[in-house]
Amino acid sequence: MATERPTVQRRRFDAIVVGSGISGGWAAKELTERGLETLVLEAGGPVDPATDYVEHVQPHQLRYRGYGDRWALERDQPIQRECYACDEYSGKFFVNDRENPYTTPDDAPFRWFRGRQVGGRSITWGRQVYRWSDLDFEANAKDGHGNDWPIRYADLAPWYSHVERFIGVSGAAEGLAQLPDGEFLPPMSMSVVERHTREKVLKAFGGQRVWTIGRAAILTQPHNGRAACHYCGPCERGCITHSYFSSIGATLPAAQRTGRLTLRPWSVVSEVVHDPRTGRAKGVRVIDARTMAETVYEARVVFLCASAFESVRILMHSTSAAHPNGMGNASGTLGRYIMDHHYYWGASGRMAGFEAYKSVGSRPNGMYVARFRNTQTSGQHPDFLRGYGMQGGAGGRGSWSGAGHGAAFKARLLTELDPTWGIGIHGWGETLPVATNALALDPQVKDKWGIPALRITCRWGDNERRMQEDMVRTAVEMLEAAGATGIRETRSGNPPGHCIHEMGGARMGRSADVSVCDANNALWEVPNVHVTDGACMASSACQNPSITYMALTARAVAGAVDRMKKGEL
């Protein structure tokens with residue numbers, strides 16, 4: 001676990017990283033390992049896994065049996081509590097909504113789930129990691145929605161491998177062009193019903209719909225000093241064995257081992273400071289979260305990894321004579337083209353004939369159905385552009401409640417539970433980049449530290465709605481092919497943001513007139529400022545995005561350090 005160094009009074013560093021989550025941890029690791037004295041600024045407080053991780057704490061050990069104080073949640077976390085992980089166990093890993101407000105139009109709700117602490121949302125993320133392919137990087141250019149990405153899969157492939165080798169990704173190779181294979185640890189085992197379903201669906205749809213075990217940043221064997229997962233289940237409460245990847249368990253300790261890391265928690269970055277003499281960024285202005293004191297820290301390069309919308313907010317608030325509308329906004333695209341995945345449209349049912357089998361442990365992973373719409377082999381669907389992947393799985397025996405103890409009680413429960421297996425599959429869909437889905441600084445509302453809050457405007461479009469109906473149809477088709485009964489359709493009412501895959505607002509591009517960042521994730525106008533979290537995304541694809549952020553960050557650091565050595569930064 002990385003801690004604050006005694007040299008915290010220092011004001012000048014080689015590099016500054018804003019944020020300590022998935023992207024910030026990677027920036028810290030790569031910068032320090034390449035020889036740079038690096039300051040990591042985290043808006044929230046420190047986390048001690050020994051006391052703050054509670055995955056093994058039982059409900060009877062908590063005052064509210066895990067559900068939390070509903071009055072306090074309603075007062076302090078009315079938005080955050082809508083996330084399944086924000087409860088008595090893990091509510092401390094979510095922000096206080098009163099201190100961190102944002103606004104939306106009345107007809108465009110948005111759920112912004114945030115974590116402000118060392119480690120950020122790498123403590124609570126879903127751990128699903130899927131590479132993009134050229135189907136994703138080329139989509140904007142081919143159908144005209146959004147701007148063309150300035151990179152392709154070949155540019156990022158070695159960095160995906162670099163990341164996978166370090167974090168440890170369990171998964172199975174499938175040889176699919178639309179879902180490139182990675183460098184995998186042994187996959188987690190599929191259940192008997194999942195294996196049955198995979199074969200039935202492959203046969204029924206000519207090999208086009210591939211069910212595979214999820215590709216997860218969770219270890220199935222010891223790796224880089226971290227232990228294999230022991231299937232305890234509630235990963236969102238932390239992982240004392242560091243069996244899943246988090247910045248606290250992997251990247252920040254790696255950075256700390258170099259001796260070049262200074263980690264400063266309770267540091268709210270309000271703006272990037274512009275140097276009119278050089279035209280570059282001089283550093284960042286920081287408000288101490290507890291005392292409100294302000295400090296400017298200086299560095300040769302700045303990496304914004306505060307999470308997509310927070311990084312955009314910092315840039316919007318970074319105004320000067322040279323950047324009156326926000327740093328990096330000469331194109332007028334700063335804050336525009338934001339996205340999230342629309343998800344949980346599909347179906348579920350029951351699978352008879354497997355009553356003799358039961359699941360063991362709590363596998364922290366499910367099944368993944370690779371995208372099969374609008375691929376190289378499927379042809380163009382008449383109703384919508386882009387595509388979706390699907391996530392789900394099968395579980396044995398139903399749930400139970402009751403009181404008792406001992407072997408006889410356990411045996412009675414097993415005989416009373418419904419022995420029929422359940423199965424479900426639901427889509428995660430790509431959202432088209434649209435200019436009207438945008439961020440702005442609210443002219444009236446400010447956060448606890450006096451920084452203007454964001455006003456978020458984001459709506460699902462017709463393309464998303466048509467895709468959602470197809471998710472339901474195809475889920476039903478596959479469950480029917482597998483032999484499921486009692487099939488029930490699922491139509492989610494989740495608004496944008498609920499998937500916690502917010503992206504865009506400072507997109508990469510091929511020219512300064514249509515984008516904020518160049519092919520190296522640097523601001524076109526201020527090349528020593530890099531944006532490598534979700535803000536830089538020019539499209540969303542349908543895959544969980546975190547591994548792409550990690551690969552982009554590692555690649556951007558390598559490029560920045562190379563330019564620094566050449567005297568260009």
Side-chain angles (χ1 to χ4, degrees), residues 84 126 128 130 172 174 176 178-179 190-216 340-354 359 363 365-375 377-396 398 420-431 460 462-495 498-499 501 540-544:
Y84 76 96
Q128 294 289 293
Y130 303 98
E174 298 288 358
L176 301 172
Q178 71 271 32
L179 191 72
M190 290 184 277
S191 70
V192 61
V193 173
E194 291 164 347
R195 292 194 299 270
H196 166 86
T197 300
R198 171 184 165 93
E199 297 307 317
K200 288 290 187 180
V201 171
L202 282 171
K203 182 177 180 180
F205 298 97
Q208 290 292 311
R209 302 185 187 183
V210 180
W211 287 53
T212 187
I213 189 68
R215 296 174 179 177
D340 184 33
H341 288 141
H342 54 107
Y343 79 114
Y344 213 69
W345 291 68
S348 60
R350 308 294 288 173
M351 291 288 288
F354 298 91
S359 54
R363 186 188 68 193
N365 194 10
M367 297 297 292
Y368 189 75
V369 181
R371 174 178 167 180
F372 53 86
R373 291 299 200 208
N374 300 330
T375 67
T377 58
S378 68
Q380 177 62 48
H381 193 281
D383 294 338
F384 58 88
L385 300 169
R386 313 291 174 99
Y388 55 88
M390 306 189 85
Q391 300 183 35
T420 307
W421 282 63
I423 187 170
I425 195 74
H426 299 87
W428 266 247
E430 179 165 2
T431 298
W460 302 135
D462 290 340
N463 196 72
E464 287 79 53
R465 285 187 281 270
R466 290 191 291 266
M467 189 187 297
Q468 289 162 358
E469 289 302 321
D470 194 63
M471 293 174 182
V472 176
R473 285 191 294 269
T474 59
V476 170
E477 290 172 352
M478 288 187 284
L479 295 185
E480 289 177 342
T485 60
I487 297 173
R488 301 178 302 278
E489 297 179 352
T490 304
R491 287 178 165 79
S492 168
N494 292 326
H498 203 279
C499 197
H501 292 168
S540 72
C542 66
Q543 300 93 313
N544 301 57

**Message:** Tell me the closest heavy-atom pair linking Gln128 and Asn544, and the distance in Å.
**Reply:** O-CB, 3.3 Å

**Message:** Arg198 vs Val210, test: side chain to side chain contact (heavy atoms under 4.5 Å, CB included). Steps then yes/no.
**Reply:** CA-CA 7 Å; Arg198 171 184 165 93; Val210 180; 3.9 Å; yes

**Request:** Would you please test Met467 and His342 for side chain to side chain contact (heavy atoms under 4.5 Å, CB included) and show each step?
**Result:** CA-CA 9 Å; Met467 189 187 297; His342 54 107; 3.6 Å; yes

**Request:** Return the set of residues passing side-chain hydrogen bond (donor to acceptor under 3.5 Å, both in side chains) with Tyr368 (not counting sequence neighbours), or none when no residue passes.
**Result:** none

**Message:** Just verifying a value: how many Å separate Phe205 CZ and Thr474 OG1, rounded to the nearest 0.5 Å?
**Reply:** 8.5 Å

**Request:** State the NE2-OH distance between His426 and Tyr388, to the nearest 0.5 angstrom.
**Result:** 12.5 Å

**Prompt:** Mind checking what makes side-chain hydrogen bond (donor to acceptor under 3.5 Å, both in side chains) contact with Asn374, not counting sequence neighbours?
**Reply:** Gln380

**Request:** Please test Val472 against Thr490 for side chain to side chain contact (heavy atoms under 4.5 Å, CB included), starting from the C-alpha separation and ending with a verdict.
**Result:** CA-CA 7 Å; Val472 176; Thr490 304; over 6 Å; no

**Pairwise distance CZ(Arg363) to CD(Glu194) - rounded to 0.5 angstrom** = 4.0 Å

**Message:** Any donor-acceptor pair under 3.5 Å linking the side-chain atoms of His498 with those of Tyr343?
**Reply:** yes

**Test salt bridge (Lys or Arg N to Asp or Glu O under 4.0 Å) applied to Arg465 - qualifying residues, sequence neighbours left out** = Asp462

**Message:** Looking only at side-chain N and O atoms, does Thr377 offer a donor or acceptor that is under 3.5 Å from a partner on Gln208?
**Reply:** yes

**Request:** Supply the atom-to-atom distance Ile423 CD1 to Arg350 CZ, rounded to the nearest 0.5 angstrom.
**Result:** 11.0 Å

**Item:** Heavy-atom closest contact (Asp340 atom, Cys499 atom, distance)
**Value:** OD2-N, 3.3 Å

**Complete:** Trp428 and Cys542 have their tightest heavy-atom pair at O-CB, 3.5 Å

**Asked** Which pairs with one or both residues in residues 470-486 pass salt bridge (Lys or Arg N to Asp or Glu O under 4.0 Å), sequence neighbours excluded?
**Response** Arg209-Glu477, Arg373-Asp470, Asp470-Arg473

**Request:** For Thr431 and His341, work out which heavy atoms get closest and say how close.
**Result:** OG1-CA, 4.2 Å

**Fill in**
Residues at least two apart in sequence or cross-chain that pass side-chain hydrogen bond (donor to acceptor under 3.5 Å, both in side chains) with His196, listed by chain then number, are none

**Asked** How about Thr375 and Gln178: does a side-chain donor come under 3.5 Å of a side-chain acceptor?
**Response** no

**Request:** For Glu469, enumerate each residue passing the salt bridge (Lys or Arg N to Asp or Glu O under 4.0 Å) test, keeping only those at least two apart in sequence or located in another chain.
**Result:** Arg491

**Closest contact, heavy atoms only, Trp211 versus Glu174** = O-OE2, 4.4 Å

**Asked** How far apart are the closest heavy atoms of Ile487 and Ala347, and which atoms are they?
**Response** CG2-CB, 4.0 Å

**Prompt:** Taking C-beta and beyond as the side chain, do Trp421 and Ser191 meet within less than 4.5 Å on heavy atoms?
**Reply:** yes

**Request:** Look up atom OH in Tyr130 and atom CZ in Arg215, then write down how far apart they are to the nearest 0.5 Å.
**Result:** 7.5 Å

**Fill in**
Here the gap from Arg466 atom CZ to Phe384 atom CZ, rounded to the nearest 0.5 Å, amounts to 9.5 Å

